[in-house]
Amino acid sequence: KRRIIGDTFMHVSERIQKELGLDPDNTCLAQGTLRPDLIESASSLVSSKADAIKTHHNDTELVRELRKKGRVIEPLMDYHKDEVRELG
């Protein structure tokens, strides 16, 4: 379910970008991925040896591909919830 939600969001995002006349290859999507999300989904951004605890809508294979292409940015990815609250 989470993968479906994440991938659907990415596809809808690309469709909306096209409707707005934006070039998806030159447009970035910022999302609020936090460090625990990446740890739990065993992202290589935080560990090369971790096993996935659960999947996250913001760390699907499609998101990982777009991240590698520089099309997804995650300015909060090094922070935990308490740190984000403090920043806010």
Side-chain angles (χ1 to χ4, degrees):
K1 178 176 137 183
R2 290 180 177 140
R3 286 186 191 121
I4 293 169
I5 291 169
D7 289 349
T8 298
F9 179 80
M10 291 299 165
H11 293 304
V12 169
S13 172
E14 285 189 359
R15 189 186 82 229
I16 297 299
Q17 290 173 35
K18 288 178 184 175
E19 287 176 11
L20 294 173
L22 302 171
D23 178 4
D25 291 328
N26 292 310
T27 304
C28 293
L29 175 67
Q31 59 178 22
T33 306
L34 302 181
R35 187 161 187 83
D37 299 336
L38 297 172
I39 292 169
E40 292 170 351
S41 60
S43 173
S44 62
L45 294 175
V46 294
S47 175
S48 61
K49 299 176 184 177
D51 290 329
I53 297 169
K54 64 181 181 179
T55 59
H56 280 273
H57 66 278
N58 51 2
D59 193 39
T60 66
E61 285 303 315
L62 178 57
V63 173
R64 290 176 182 190
E65 287 177 34
L66 294 172
R67 189 186 290 136
K68 284 180 187 175
K69 293 178 181 177
R71 297 209 23 236
V72 172
I73 57 172
E74 297 159 308
L76 302 174
M77 67 182 274
D78 291 324
Y79 297 97
H80 291 262
K81 287 181 183 179
D82 59 327
E83 296 168 314
V84 173
R85 287 185 189 116
E86 190 175 321
L87 287 171

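We're numbering straight along the sequence, starting at 1. Just so it is clear, the values below take in all heavy atoms, side chains as well, and ignore hydrogens, waters and symmetry mates.
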**Student:** Can you name the nearest heavy-atom pair linking Gly70 to Cys28, along with the distance?
**Tutor:**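 Looking at all heavy atoms of both residues, the shortest contact is O-SG, 3.3 Å.
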**Student:** Please determine if Glu61 and Arg64 form a salt bridge, counting it only when a charged side-chain N lies under 4.0 Å from a carboxylate O.
**Tutor:** yes
**Student:** So, Glu83 side chain and His80 main chain: donor-acceptor pair closer than 3.5 Å or not?
**Tutor:** yes
**Student:** Mind checking whether Glu14 and Leu66 have side chains closer than 4.5 Å, heavy atoms only?
**Tutor:** yes
**Student:** Nearest 0.5 Å, please: how far is CZ in Arg15 from CG in Leu20?
**Tutor:** 10.5 Å
**Student:** Do Leu29 and Ile73 land in one hydrophobic cluster if side-chain heavy atoms of ILVMFWY residues count as linked below 4.5 Å?
**Tutor:**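 No, separate clusters.
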**Student:** For Thr27 and Arg71, which heavy atoms make the closest approach, and how far apart are they?
**Tutor:** O-NE, 3.7 Å
**Student:** If I take atom OG1 from residue Thr60 and atom CD1 from residue Ile4, how far apart are they, to the nearest 0.5 angstrom?
**Tutor:**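 Nearest 0.5 Å value for the OG1-CD1 distance: 11.0 Å.
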**Student:** Measure the CG-CD distance between Asp37 and Glu74 for me, rounded to the nearest 0.5 Å.
**Tutor:** 9.0 Å
**Student:** For Phe9, does its backbone N or O pair with a side-chain atom of Ser13 as donor and acceptor, under 3.5 Å?
**Tutor:** no
**Student:** Atom CD of residue position Glu19 - does it have more than 12 heavy atoms of other residues, nucleotides or ligands inside 6.0 Å?
**Tutor:** yes
**Student:** Which distance, rounded to the nearest 0.5 Å, do you find between the NZ of Lys18 and the CG of Asp23?
**Tutor:** 9.0 Å
**Student:** With clusters defined by side-chain heavy atoms of hydrophobic residues (ILVMFWY) lying less than 4.5 Å apart, directly or transitively, does Val12 cluster with Ile5?
**Tutor:**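 No.
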**Student:** Inspect the contact between Lys69 and Glu65 and indicate whether a charged nitrogen and a carboxylate oxygen are less than 4.0 angstrom apart.
**Tutor:** no
**Student:** Can you tell me how far apart NZ (Lys81) and CG (Leu76) are? Round to the nearest 0.5 Å.
**Tutor:** 13.0 Å
**Student:** Are Gln31 and Met10 side-chain neighbours, meaning at least one heavy-atom pair lies under 4.5 Å?
**Tutor:** yes
